[in-house]
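Below is one structure; the comments refer to it alone.
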Amino acid sequence: MSSLQDALKASEALIDTEVGVSSWITVDQTMIDDFAKTTHDTQWIHIDPERATAETPFGGTIAHGFLTLSLASRFAYDCFEMLPGQVMGINYGMNKLRFLMPVRAGARLRGRFVLKEVKARNATDLLRTNLLTIEIEGEETPALVAEWLGLAVFED
């Protein structure tokens with residue numbers, strides 16, 4: 001049996017189970033400011049703490065939704081290792097994504113992954129769909145939930 005077939009069989013046994021929880025990461029104002037510079041999204045609710053405190057219900061600045069989403073890669077590094085015979089992993093995109101709660105500057109986030117589906121696309125590619133929940137420490141409502149697709153590419 002090939003490495004891909006072994007990985008498929010092992011993964012199928014994990015469907016609907018939690019397959020990883022990352023460590024916490026702090027989203028501070030410096031990270032938010034750096035993201036704003038990189039993306040040219042300098043809306044004041046992200047980069048002006050005084051104005052955001054005075055004029056929003058958030059009590060200060062909030063992270064960009066796409067900054068929160070971009071941390072998914074960091075969380076995945078905590079949770080997933082290369083499978084035997086796998087030569088690379090590729091972000092294949094999102095099917096569904098919802099931003100549910102703003103992330104205040106200084107908040108700590110972590111990612112939680114539940115395997116929802118796995119299938120062989122061809123002789124080398126295993127497509128895995130995970131439900132990703134990015135949690136905010138101390139909050140009941142997560143920052144976001146997303147259905148994230150990833151390709152595990154195996155040697156031919």
Side-chain angles (χ1 to χ4, degrees), residues 1-39 41 43 45-46 58 61-156:
M1 193 181 297
S2 72
S3 298
L4 181 137
Q5 291 301 319
D6 291 341
L8 176 61
K9 185 175 180 176
S11 296
E12 287 173 334
L14 298 174
I15 290 176
D16 290 327
T17 64
E18 185 172 87
V19 293
V21 178
S22 75
S23 59
W24 292 100
I25 185 168
T26 301
V27 178
D28 60 19
Q29 191 61 51
T30 300
M31 182 187 291
I32 294 169
D33 291 344
D34 289 346
F35 190 85
K37 288 175 192 164
T38 299
T39 61
D41 181 350
Q43 186 180 33
I45 64 172
H46 305 302
F58 309 125
T61 57
I62 59 171
H64 306 71
F66 286 125
L67 167 56
T68 302
L69 177 61
S70 72
L71 293 172
S73 293
R74 160 57 166 70
F75 299 141
Y77 280 115
D78 281 358
C79 296
F80 300 104
E81 295 181 2
M82 297 282 269
L83 301 166
Q86 183 180 351
V87 294
M88 74 178 109
I90 299 173
N91 176 358
Y92 201 65
M94 303 282 172
N95 280 339
K96 300 175 185 177
L97 168 66
R98 292 291 180 267
F99 297 104
L100 301 174
M101 177 77 122
V103 174
R104 292 173 177 86
R108 289 181 4 127
L109 305 178
R110 74 176 172 189
R112 186 176 296 274
F113 297 87
V114 174
L115 184 63
K116 298 309 287 180
E117 184 179 16
V118 61
K119 62 183 172 182
R121 291 186 62 235
N122 54 42
T124 60
D125 298 349
L126 186 67
L127 180 63
R128 295 182 286 188
T129 303
N130 279 287
L131 177 65
L132 165 63
T133 303
I134 296 184
E135 301 174 329
I136 307 167
E137 188 176 45
E139 297 286 348
E140 189 172 317
T141 303
L144 69 80
V145 293
E147 193 174 276
W148 190 13
L149 290 79
L151 278 180
V153 179
F154 291 80
E155 42 196 34
D156 195 5

Kindly compute the distance separating CG (L151) from CD (Q86), expressed to the nearest 0.5 Å. 9.5 Å
Within 6.0 Å of CZ in F58, more than 12 heavy atoms from elsewhere: yes
A side-chain contact here means heavy atoms from C-beta on lying under 4.5 Å apart; do W148 and N91 qualify? yes
Hydrogens and angles aside, do Q29 and T61 bring a side-chain donor and acceptor to less than 3.5 Å of each other? yes
Start with the C-alpha distance between I15 and E117, add both sets of side-chain angles, then the distance that settles side-chain contact (heavy atoms from CB on, under 4.5 Å), and finish with yes or no. CA-CA 6 Å; I15 290 176; E117 184 179 16; 5.6 Å; no
If I take atom CG from residue D28 and atom OG1 from residue T30, how far apart are they, to the nearest 0.5 angstrom? 4.5 Å
Closest non-hydrogen atoms of F99 and G65, given as atom of the first, atom of the second and distance, are CE2-O, 3.1 Å
Quickly, which of F75, Y77, F80 forms a ring-ring contact (aromatic ring centres under 6.0 Å, His included) with F113? Name it, please. F80
Below 4.5 Å, heavy atoms only, C-beta onward: do D16 and K116 meet side chain to side chain? yes
Minimal heavy-atom distance between W24 and R74, with the atoms involved, is O-NH2, 4.3 Å
Taking every non-hydrogen atom, the tightest pair across L69 and M94: CD1-CE, 3.6 Å
How many angstroms lie between atom CG of L71 and atom OG of S22, to the nearest 0.5 angstrom? 9.0 Å
With a sphere of 6.0 Å drawn around CD of E81, does it hold more than 12 non-hydrogen atoms of other residues, nucleotides or ligands? no
What I'd like to find out is whether the side chain of R121 reaches to under 4.5 Å of the side chain of Y92, using heavy atoms alone. yes
Flag side-chain contact, heavy atom, 4.5 Å: L100 against V145: yes
Heavy-atom closest pair, residues L115 and T129: CD1-O, 3.6 Å
Answer yes or no: does atom CG of N122 have more than 12 heavy-atom neighbours from other residues, nucleotides or ligands under 6.0 Å? yes
Between E18 and G20 (side chain of the first, backbone of the second, donor and acceptor by atom type, cut-off under 3.5 Å), is there such a pair? no
Has the side chain of N95 got a donor or acceptor atom that lies under 3.5 Å from a matching backbone atom of E147? no
Report the distance from atom CG of L126 to atom CD of Q5, rounding to the nearest 0.5 Å. 9.0 Å
Enter the distance from R112:CZ to T133:OG1 here, rounded to the nearest 0.5 Å. 8.0 Å
Full working for side-chain contact (heavy atoms from CB on, under 4.5 Å) between V103 and L67: CA-CA 10 Å; V103 174; L67 167 56; over 6 Å; no
Atom CG in L4, atom CD in E155: separation rounded to 0.5 Å? 11.0 Å
Smallest separation among heavy atoms of P142 and I136, with atom names: C-CD1, 4.4 Å
Between I62 and H46, does a side-chain contact (heavy atoms from CB on, under 4.5 Å) hold up when you go through it step by step? CA-CA 5 Å; I62 59 171; H46 305 302; 4.1 Å; yes
Which heavy-atom pair separates M31 from I25 by the least distance, and what is that distance? CE-CD1, 4.3 Å
